[in-house]
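All of these numbers come straight from a predicted model, not from anything done at the bench. All residue numbers refer to positions in the sequence shown, counting from 1.
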Amino acid sequence: PNSPSLCLPQLEGLCSFLQLSTCPEPLLVQFCRWLLALTPDLSYTSAAVLTEQLFLRRVLSLTQPPSRHLMAALASFCSKYSQPFCQVLVAAVLREPGEGAEQTKLVCELVEECLEPHSVQLVLSQVLEVPLSEKLLPVVQAVLGRQVRGPLVPWVSSLTPAGLEQGLSYPLLGLFQEVLPPELLDLLVLTLCRQAPAFTTSLDYAKVVTAVLTVYQSQVS
């Protein structure tokens with residue numbers, strides 16, 4: 001199908017008329033499938049508006065894991081429109097005050113299983129734009145756990161200094177060096193160093209530092 005040209009106010013009005021922010025989740029999945037079939041593709045601005053209308057309220061209000069319908073809709077939409085999706089939805093989750101446990105788990109799952117490498121880098125850059133917190137450390141772990149292509153390798157999230165002291169070998173770690181460009185790696189290391197005093201008793205912080213030192217040992221002094 002061909003997509004008609006809609007200006008921003010028209011698109012926002014249509015979303016409001018269709019009550020997309022509160023429509024039943026099975027219908028949301030069907031609507032996302034229809035969106036993905038449109039040709040030509042949605043513009044960045046249109047995709048950003050739809051991300052906000054379709055998902056923002058639903059995700060920020062989560063108090064339990066998302067339903068399979070909501071997860072399917074999120075995964076399908078972000079697979080095609082990952083840049084506006086991250087700029088709108090992921091940014092809002094990262095900046096939301098409070099623990100936001102379900103929202104953080106959702107972002108981690110999207111990083112591990114859905115987003116392309118360039119969008120994973122975008123998520124990390126967004127994390128580094130806000131003050132690092134315990135809430136955000138699992139997101140950094142998820143980023144470090146990504147291969148260039150493929151899902152999270154489970155043992156990355158369980159790396160500990162003790163494990164390294166025992167001489168454990170992780171031959172696949174070299175695959176991750178393509179994930180982060182040098183400037184983003186430098187910013188991550190600088191952030192971890194500057195904020196270390198706030199995480200002296202944090203296990204998640206120790207895991208992140210260990211993963212960075214292991215994956216990028218030749219680049220981090």
Side-chain angles (χ1 to χ4, degrees), residues 12 15 20-21 25 28-29 31-32 35-36 41-152 156-157 176 179-181 183-185 187-188 191-192 195 204 208 211:
E12 292 175 333
C15 291
L20 294 181
S21 63
E25 290 177 355
L28 182 65
V29 176
F31 186 70
C32 285
L35 286 174
L36 296 183
D41 291 348
L42 297 169
S43 68
Y44 180 97
T45 302
S46 294
V49 169
L50 285 167
T51 299
E52 180 178 359
Q53 294 290 328
L54 293 173
F55 302 118
L56 189 59
R57 180 187 297 182
R58 298 174 193 271
V59 169
L60 293 183
S61 63
L62 285 174
T63 57
Q64 57 187 10
S67 70
R68 61 184 181 87
H69 287 112
L70 178 55
M71 200 65 214
L74 286 163
S76 64
F77 191 86
C78 78
S79 68
K80 187 167 184 177
Y81 298 108
S82 57
Q83 292 282 96
F85 182 89
C86 289
Q87 293 285 10
V88 173
L89 184 66
V90 175
V93 169
L94 298 179
R95 296 179 186 278
E96 186 74 4
E99 293 185 5
E102 294 302 332
Q103 289 77 11
T104 302
K105 290 177 184 176
L106 174 60
V107 170
C108 289
E109 187 169 351
L110 293 172
V111 166
E112 292 164 3
E113 300 182 7
C114 303
L115 295 175
E116 292 298 318
H118 69 280
S119 296
V120 172
Q121 294 174 19
L122 174 58
V123 170
L124 180 57
S125 68
Q126 291 175 310
V127 169
L128 298 177
E129 288 174 359
V130 298
L132 199 60
S133 64
E134 285 288 345
K135 166 187 170 180
L136 300 182
L137 288 173
V139 180
V140 180
Q141 286 181 256
V143 170
L144 292 171
R146 276 289 300 265
Q147 297 183 37
V148 176
R149 292 182 180 87
L152 175 72
V156 170
S157 62
F176 303 140
V179 174
L180 299 182
E183 61 273 12
L184 190 55
L185 174 61
L187 182 57
L188 173 59
T191 300
L192 291 172
Q195 302 199 27
D204 282 338
V208 168

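- Residues that satisfy the side chain to side chain contact (heavy atoms under 4.5 Å, CB included) test with Gln126, not counting sequence neighbours, are Cys86, Gln87, Val90, Ala91, Leu94, Leu122, Val123.
- Heavy-atom minimum distance, Val208 versus Leu137: CG2-O, 3.8 Å.
- Of the inter-residue distances, the one linking Thr104 atom OG1 with Glu109 atom CD reads 13.0 Å to the nearest 0.5 angstrom.
- For Phe85, there are no ring pair (Phe, Tyr, Trp, His ring centres under 6.0 Å) partners at least two apart in sequence or on another chain.
- Between Val127 and Thr191 there is no side-chain heavy-atom pair separated by less than 4.5 Å.
- Residues meeting the side chain to side chain contact (heavy atoms under 4.5 Å, CB included) test with Cys114, sequence neighbours left out: Ala75, Cys78, Leu110.
- Rounding to the nearest 0.5 angstrom, the gap separating the CG atom in Leu28 from the CG atom in Leu70 is 6.5 Å.
- Between Cys32 and Phe55 the shortest side-chain heavy-atom distance falls below 4.5 Å.
- Applying the side-chain hydrogen bond (donor to acceptor under 3.5 Å, both in side chains) test to pairs two or more places apart or on separate chains, those with a residue in residues 65-80 are Glu25-Ser67, Asp41-Lys80.
- Shown here is Gln64, whose CD atom has no more than 12 heavy atoms of other residues, nucleotides or ligands within 6.0 Å.
- Taking the side chain as every heavy atom from C-beta outward, Leu89 and Leu74 approach each other to under 4.5 Å.
- Note that CG of Asp204 and CD of Glu134 are 5.5 Å apart. Values are rounded to the nearest 0.5 Å.
- In this view, Ser119 and Ser82 satisfy the side-chain hydrogen bond (donor to acceptor under 3.5 Å, both in side chains) rule, not counting sequence neighbours.
- Listed by chain and residue number, Ser46 satisfy the side-chain hydrogen bond (donor to acceptor under 3.5 Å, both in side chains) test with Ser43 (two or more places apart in sequence, or in another chain).
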Take Leu50 and Tyr81 through the test side-chain contact (heavy atoms from CB on, under 4.5 Å) and record every step on the way to the result.
CA-CA 10 Å; Leu50 285 167; Tyr81 298 108; over 6 Å; no

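- Legend: ring-ring contact (aromatic ring centres under 6.0 Å, His included) pairs involving residues 99-131, not counting sequence neighbours: none detected.
- Under the rule for a salt bridge (charged side-chain N to carboxylate O under 4.0 Å, His left out), the partners of Glu129 that lie at least two apart in sequence or sit in another chain are Arg95.
- Judged as a salt bridge (charged side-chain N to carboxylate O under 4.0 Å, His left out), not a single pair has a partner in residues 42-64 (not counting sequence neighbours).
- Between Leu136 and Val130, the closest side-chain pair of non-hydrogen atoms falls below 4.5 Å.
- Here Glu112 contributes atom CD and Gln141 contributes atom CD; the two are 9.5 Å apart, rounded to the nearest 0.5 Å.
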Just do the side-chain contact (heavy atoms from CB on, under 4.5 Å) check on Val59 and Val93 with the steps written out, would you?
CA-CA 8 Å; Val59 169; Val93 169; 3.9 Å; yes

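- Side chains of Leu128 and Leu184 form a contact here, defined as non-hydrogen atoms less than 4.5 Å apart.
- No side-chain heavy atom of Val140 sits under 4.5 Å from any side-chain heavy atom of Leu192.
- Closest non-hydrogen pair, Leu54 versus Leu20, comes out as CD2-CB, 3.8 Å.
- Two residues are said to be in side-chain contact when any heavy atoms from C-beta on lie closer than 4.5 Å; Leu56 and Thr51 fail this criterion.
- For the pair Lys105 and Pro65, the minimum side-chain heavy-atom distance is 4.5 Å or more.
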For Val88 and Val49: C-alpha separation, side-chain torsions, deciding distance, then whether side-chain contact (heavy atoms from CB on, under 4.5 Å) applies.
CA-CA 9 Å; Val88 173; Val49 169; over 6 Å; no

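- Residues meeting the side-chain hydrogen bond (donor to acceptor under 3.5 Å, both in side chains) test with Gln195, sequence neighbours left out: none.
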